[in-house]
Structure formats: C-alpha cells, structure tokens
Amino acid sequence: MNESHAVFVTGEFLDESERYSLSELMDICGIDDARLIEFIQYGVVEPAGEARENWRFSSLHAWRLHRAIRLQSELGLNAAGVALCLDLLDEIASLRVQLRSRRRT
C-alpha cells in the first residue's frame, strides 16, 4: 500500500512523495547553497541522483534540514556537530520505539 504522508516545515505541509530540486529545497528551508552543500557533505541529508543538477530531495530531507538549522542556530553547532547530534537523536528515537514494542509484549 502506498500511503502519502505530509511533513510540516517552516509554515507549510510538504507531501512525502514530492521531490524537490536543490534550489527548491533551499527556498523551502531558507538556506543558501553553501550551507546546504556543507550539510550534504556531513551527511545531514543525502540527495538522490548522480549529478548536482539532478539531485532530488524529499520532504523528509526538508524536515531534517529544518532540524539541522534549528540546532545550529540554538546551540551554535557546526555542520559536523549537527550531523552527530541528528544521528544521536535518530538513535534515541529508534531505541524508544524498541522499548515501547518490548513493553507491549
């Protein structure tokens, strides 16, 4: 079953099945090219597509970038710190899901 999800980012809902170009993602997230490329280099988001002009991003990328920007502005982290922080937050979320499933059994 192909289920559509929406993600709320910076005042608008984004459809998970939508794909955005590099420039569209920069507009959605309100960041410049250099900052987005730095986040890509540190693995905050990984575009689909080989060549830069063919890169595509999902709304989940936009949501993750929104979190990255917030971490950077609120905590003063550099891109490497943001990437590490997001990985740790993902791990915590995964562990919480595992814990909840164990409690149900």
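Numbers here simply count residues along the sequence, with the first being 1.
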Give a yes or no answer on whether the side chain of Glu24 reaches the backbone of Ser21 with a donor-acceptor pair at less than 3.5 Å. yes

Min side-chain heavy-atom separation [X]-[Y] under 4.5 Å:
X     : Y     : result
Arg35 : Ile69 : yes
Pro47 : Arg56 : no
Phe57 : Ile28 : no
Tyr20 : Met26 : no

Indicate the atoms forming the closest heavy-atom contact of Ala62 with Cys29, along with that distance. O-SG, 3.8 Å

Are Trp63 and Val44 co-members of a hydrophobic cluster defined by side-chain heavy atoms under 4.5 Å apart? no

Transitively linked via ILVMFWY side-chain contacts under 4.5 Å: Leu71 with Tyr42? no

Separation of [Y] [atom2] from [X] [atom1] (nearest 0.5 Å):
X     : Y      : atom1 : atom2 : answer
Leu22 : Arg52  : CG    : CZ    : 5.5 Å
Leu95 : Arg102 : CG    : CZ    : 9.0 Å
Leu25 : Phe39  : CG    : CZ    : 11.0 Å
Ser59 : Leu65  : OG    : CG    : 11.5 Å
Gln72 : Ile31  : CD    : CD1   : 9.0 Å
Glu46 : Gln41  : CD    : CD    : 12.5 Å

When the side chains of residues 76-90 are checked against the rest of the protein, which donor-acceptor pairs come out under 3.5 Å, sequence neighbours left out?
{"from": "Asn78", "atom 1": "OD1", "to": "Ala80", "atom 2": "N", "distance (Å)": "3.2"}
{"from": "Asn78", "atom 1": "OD1", "to": "Gly81", "atom 2": "N", "distance (Å)": "2.7"}
{"from": "Asp87", "atom 1": "OD1", "to": "Arg64", "atom 2": "NH2", "distance (Å)": "3.4"}
{"from": "Asp90", "atom 1": "OD2", "to": "Arg64", "atom 2": "NH1", "distance (Å)": "2.7"}

Would you say CD of Glu50 has more than 12 non-hydrogen atoms from neighbouring residues, nucleotides or ligands within 6.0 angstrom? no

Checking side chain to side chain contact (heavy atoms under 4.5 Å, CB included) for the pair Ser58/Glu18: CA distance, chi angles, key distance, verdict? CA-CA 6 Å; Ser58 72; Glu18 290 288 326; over 6 Å; no

